[in-house]
Protein chains: 2
Amino acid sequence: MMVAHGVNLTKQRRIIADVLFERNQHVTADQLFDLVKQTGSRVSKATVYNTLGLFARKGLVREIFIDASRTFYDSNNSHHHHFYNVDTGDLIDIKDRLAAHFIEQDLPEGTSMDVVDLVVRVRNIKS
Amino acid sequence: MMVAHGVNLTKQRRIIADVLFERNQHVTADQLFDLVKQTGSRVSKATVYNTLGLFARKGLVREIFIDASRTFYDSNNSHHHHFYNVDTGDLIDIKDRLAAHFIEQDLPEGTSMDVVDLVVRVRNIKS
DNA sequence: GCTGTTGCTTAGAATAGTTCTAAAAATAAT
DNA sequence: ATTATTTTTAGAACTATTCTAAGCAACAGC
């Protein structure tokens, strides 16, 4: 899987990937650093940052920029989007069929729509 | 004296608003601070940050979180989204009709689609 | 075996955007 | 006018992330 995506699978990257892809989750670099520490393995924080950046560039994880101080990494890289609750900080998957509609009735229980932020990221075609 | 949006329009807030809403633009807090300085008026950076936060909360401007170190404020608060060019840093409006389709032919010249990031922000219904 | 090359990891320092603090100033209320 | 509230300010503090420079690991070619 890793090698297929062009990632040189080192010891540390394996440790990080094992924890990260254990289940679908939304984690910050810092949270992941702690999760790794809890397994007893020792990986530096710089490596966690570097590895998440690498995985994101290779399409293994998705970066979600909630605000200036909240970058999440989503271990589920299938096509989907998110509800973010500004009051609780909850980040919840939106099933694909919903993404197209934004039906208010399907919002998380007890919440109302605030803002839909959508950014289409493009890149220069290399010549 | 209160503005329609419930903002107490002080001297500094007026200076900031004049520069900000002079035209449709995407600016960072820092850029706006410089723009204000260029007019000869003196407003502290803290006030620029506070005011942009206030305007955003009141729905006068839209915050666009591009990544962890790039927060833009959009003086055009009509319903629209954006193309962000990861190579050049360009932030370009998407006309509404496009937002629903993401037609590749309508991407900015010389660019290809990278990622569509969409976050639906919700908030708890106050009881 | 060695030896060079390359890429990876590391700790800690540096950076940068943003928020906080505490005091002064402006404005509003009594 | 006196008091209370809100706003502004400079600079310090904070924090997520990136950078730096040194040390390691893996591997190729000898």
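Chain letters run A, B, ... following the sequence lines, proteins first and then strands; every chain starts at 1. What you see is a predicted model; the values in this text were computed from it and never measured.
Looking at heavy atoms from C-beta onward, A:D114 lies out of side-chain contact with A:Y84 at the 4.5 angstrom threshold. Taking 4.5 Å as the limit, some side-chain heavy atom of A:R121 sits within range of a side-chain heavy atom of B:I66. At least one side-chain heavy atom of A:D117 sits under 4.5 Å from a side-chain heavy atom of B:R62. For the pair B:H82 and B:I64, the minimum side-chain heavy-atom distance is below 4.5 Å.
For the pair A:Q12 and C:dT10, the criterion of a side-chain N or O lying under 4.0 Å from OP1 or OP2 is met. Put simply, A:R42 has a side-chain N or O that comes within less than 4.0 Å of OP1 or OP2 on C:dA11. Side-chain nitrogen and oxygen atoms of B:N8 include at least one within less than 4.0 Å of the OP1 or OP2 phosphate oxygen of D:dT7.
Between the OH atom of B:Y49 and the P atom of C:dT21 there is a distance of 18 Å, rounded to whole Å. What separates CG of B:L54 from P of D:dT6 is a distance of 13 Å, to the nearest Å. Between the NZ atom of B:K45 and the C1' atom of D:dC14 there is a distance of 16 Å, rounded to whole Å. Here the C1' atom of nucleotide C:dG17 and the CZ atom of B:F33 are 14 Å apart, to the nearest Å. Atom-to-atom, CD of A:Q31 to C1' of D:dA16 comes out at 13 Å; the value is rounded to the nearest Å. In this structure, CG of A:L52 is placed 15 Å from C1' of C:dT9, rounded to the nearest angstrom.
As judged by a 4.0 angstrom heavy-atom cut-off over every strand, B:R13 is placed among residues touching the sugar-phosphate backbone only. Using a 4.0 Å heavy-atom criterion, one finds that B:S69 contacts the sugar-phosphate atoms exclusively. Within 4.0 Å of B:T28, counting heavy atoms only, lies no atom of the nucleic acid at all.
In terms of position along DNA chain C, the nucleotide closest to B:D30 lies nearer the 5' end than the nucleotide closest to the other residue of the pair B:D30 and B:T10. When the nearest nucleotides of DNA chain C are assigned to B:A68 and B:N50 by heavy-atom distance, the more 5′-ward of the two goes with B:A68.
None of B:D93, B:L91, B:V61 except one satisfies the side-chain contact (heavy atoms from CB on, under 4.5 Å) rule with B:D74; the exception is B:D93.
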